[in-house]
> 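Mind having a look at this structure? Questions to follow.
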Amino acid sequence: MSPSDSPGAKRGGFSSGLGVLAAALGSAVGLGNIWKFPSLTGANGGAGFLLVYLLSTLLIGLPLMVAEIAIGRQARANPISALRQLKPHGAPWWLVGVAGMGAAFLILSFYSEVVAWVFAYVAKALTGSLLSADPAQTQASFDTLVTDPVQSLLWQWLVLAFIGSILLLGVTKGIEAVTKKLMPLLFLLLILLCGYSLTLPGAARALSFLFAPEWHRITPAVVLTAMGLAFFKLSIGMGTMMTYGSYFTAAQNIPATAVRVMLADLSVSLLAGMAIFPAVFSFGFAPSAGPSLVFITIPAVFAQIPGGQVLLAAFFILTAIAATGAMLSIMEVPVVILHERQGLTRPRATLLTLLLLMLLGAGCALSQSLLAQFQPGGRTLFDWADYLSSNLLMPAGGIAIALFVGWAWGEGAFATQLSNHGQLHNRALARWLCLLLRWVTPTLILLVMLAGLGVFGGA
Ligand code: PFF
């Protein structure tokens with residue numbers, strides 16, 4: 001074990017149970033809840049899709065989240081050092097931490113650009129320059145933003161600097177303090193928007209769009225989509241939850257926390273769907289997916305509602321809050337690795353991460369303007385970053401983490417960590433989770449991955 005595998009005693013951490021919950025939930029809740037979940041659910045068979053998503057969350061998401069947090073808390077170190085520390089000999093498991101750091105950079109380079117659009121929209125919504133009942137007009141505003149290289153880059157840098165400045169404050173005063181304030185605000189805004197939206201005439205149609213089961217739509221490809229979503233939603237497979245686990249308090253009940261995070265994250269997704277679709281249906285729009293729903297349809301919908309400017313600003317502030325917690329958690333992975341393994345001070349590690357992201361992220365920021373023609377293999381750099389992280393790095397990381405706990409670290413050590421060294425009586429739960437992690441979770445993820453890579457065709 002090298003000296004950098006055992007970080008010094010002075011290490012940041014979350015100070016309370018509430019702080020742990022806010023930070024972990026802050027990581028899970030993100031852009032994924034606002035449009036990915038509602039539109040995928042609506043487009044893929046409503047309640048049937050939801051059921052498959054829940055099963056994937058139970059069989060893949062929860063066991064992996066628990067596994068990552070347990071590894072992190074046992075080692076109290078960054079993902080690379082943690083895996084080296086728990087299994088210093090044999091297979092090079094620490095490479096999973098290296099891959100996680102790569103995934104963090106890749107995800108951040110495209111995620112930060114979408115968040116950049118969200119921040120730009122908050123500014124536009126507040127000044128009232130977004131509202132137009134004509135979708136052609138809202139489409140034109142969006143195109144102007146994304147095809148302007150200067151705006152795309154500046155907004156991305158602003159977002160990165162904002163997230164970086166929170167991280168500079170440290171784990172307790174930065175991540176924990178900010179997510180503790182933002183999470184309640186997010187719920188409040190979401191419930192208000194949802195309450196309002198459900199009074200609109202399109203509410204019944206929206207609810208049946210979201211929740212009426214259409215079993216014939218549940219094809220193998222849809223099952224795989226649902227599993228992929230479970231992965232992305234719970235921030236697993238790339239060391240994020242492992243890193244946060246290393247900041248957990250010793251008394252925190254890991255499985256109970258994971259279940260709470262999963263349930264709260266699911267509630268945010270459902271509330272987001274119930275806030276968005278009634279409004280969309282009430283004004284005769286078609287439910288579309290991806291950026292067009294959030295950046296083009298939503299402004300056109302809100303333009304028709306009394307008080308639409310306030311509601312629109314609230315919607316984008318809510319999305320910005322969700323994205324902030326998620327970005328903090330992704331960026332923390334390289335920051336803590338550079339800090340603990342390369343011996344950089346935390347502020348220097350944060351600044352280096354920021355600098356690297358500005359360079360790497362520029363490829364994604366400019367992929368609809370200066371680099372629009374640069375499409376190796378038929379994808380823009382933005383699409384490659386999205387594709388490689390979701391379809392390759394995160395699932396591969398998930399398989400490795402499941403196998404690490406199931407076979408290398410072993411049930412005994414895992415159970416000891418889950419029971420807080422015997423204080424909680426959850427031995428049977430640990431056994432079941434270990435069985436899942438040994439056999440079921442890696443097999444299922446392998447299927448997701450192969451489908452994502454198009455092995456079964458049509459992916
Ligand atoms: N869970 C976040 C979302 O749903 O938007 C995205 C995410 C966060 C992915 C953290 C990966 C991660 F490590």
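Indexing begins at 1, ligand by ligand and atom by atom, following the structure's order. Below, all heavy atoms of this structure are taken into account, side chains as well, without hydrogens, waters or symmetry copies.
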> Atoms of ligand 1 less than 4.0 Å from S27 heavy atoms?
1 (N), 2 (C), 8 (C), 10 (C)

> Check whether the ring centres of F14 and Y244 lie less than 6.0 Å apart, and answer yes or no.
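Ring centres of Y244 and F14 closer than 6.0 Å.
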
> Below 3.5 Å, N or O to N or O, backbone or side chain included: is there any such pair between F232 and ligand 1?
yes

> Using a 4.0 Å heavy-atom cut-off, say whether Y111 meets ligand 1 through its side chain, its backbone, both or neither.
side chain

> Please confirm whether K233 makes a cation-pi placement over F37, using NZ or CZ under 6.0 Å from the six-membered ring centre and within 45° of the ring normal.
no

> Have a look at E113 and tell me which of F110, W117, Y111 forms a side chain to side chain contact (heavy atoms under 4.5 Å, CB included) with it.
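Looking at F110, W117, Y111, the match for E113 under the side chain to side chain contact (heavy atoms under 4.5 Å, CB included) is W117.
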
> Please list, in number order, the atoms of ligand 1 under 4.0 Å from a heavy atom of S329.
10 (C)

> Give the residue, atom name and distance (to 0.1 Å) of the protein heavy atom nearest atom 4 (O) of ligand 1.
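Answer for atom 4 (O) of ligand 1: K233 NZ, 2.5 Å.
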
> Quiz question: by atom type and distance under 3.5 Å, do the side chains of S15 and E176 form a donor-acceptor pair?
yes

> Taking 4.0 angstrom as the limit and counting only heavy atoms of A28, give me the atoms of ligand 1 inside it, by number and element.
1 (N), 2 (C), 3 (C), 4 (O)

> With atoms numbered from 1 as shown, which atoms in ligand 1 lie under 4.0 angstrom from a non-hydrogen atom of M394?
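Listed by number with element: 11 (C).
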
> Are more than 12 heavy atoms from other residues, nucleotides or ligands located less than 6.0 Å from atom CH2 of W439?
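It does not: W439 CH2 has 12 such atoms or fewer within range.
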
> Can you find an N/O atom of G32 closer than 3.5 Å to an N/O atom of ligand 1?
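Yes: some nitrogen or oxygen of G32 is under 3.5 Å from one in ligand 1.
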
> For ligand 1, which atoms, with element, lie under 4.0 Å from some heavy atom of L31?
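Here the atoms of ligand 1 in question are 5 (O).
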
> Suppose I only count heavy atoms of T240 and a 4.0 Å limit; which atoms of ligand 1 are within that range?
12 (C), 13 (F)

> Would you mind listing which atoms of ligand 1 come within a distance below 4.0 Å of any non-hydrogen atom of M238?
11 (C), 12 (C), 13 (F)

> Evaluate whether atom CZ of R348 has more than 12 neighbouring non-hydrogen atoms of other residues, nucleotides or ligands under 6.0 angstrom away.
no

> Checking S112 now: which residues fulfil side chain to side chain donor-acceptor pair (under 3.5 Å) with it, not counting sequence neighbours?
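Residues passing side chain to side chain donor-acceptor pair (under 3.5 Å) with S112: Q156.
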
> Please report which non-hydrogen protein atom sits nearest to atom 12 (C) of ligand 1, along with the residue it belongs to and the distance in Å to one decimal place.
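Protein heavy atom at minimum distance: S235 CB, 3.5 Å.
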
> Checking N33 against D265: is there a side-chain donor and acceptor pair closer than 3.5 Å?
yes

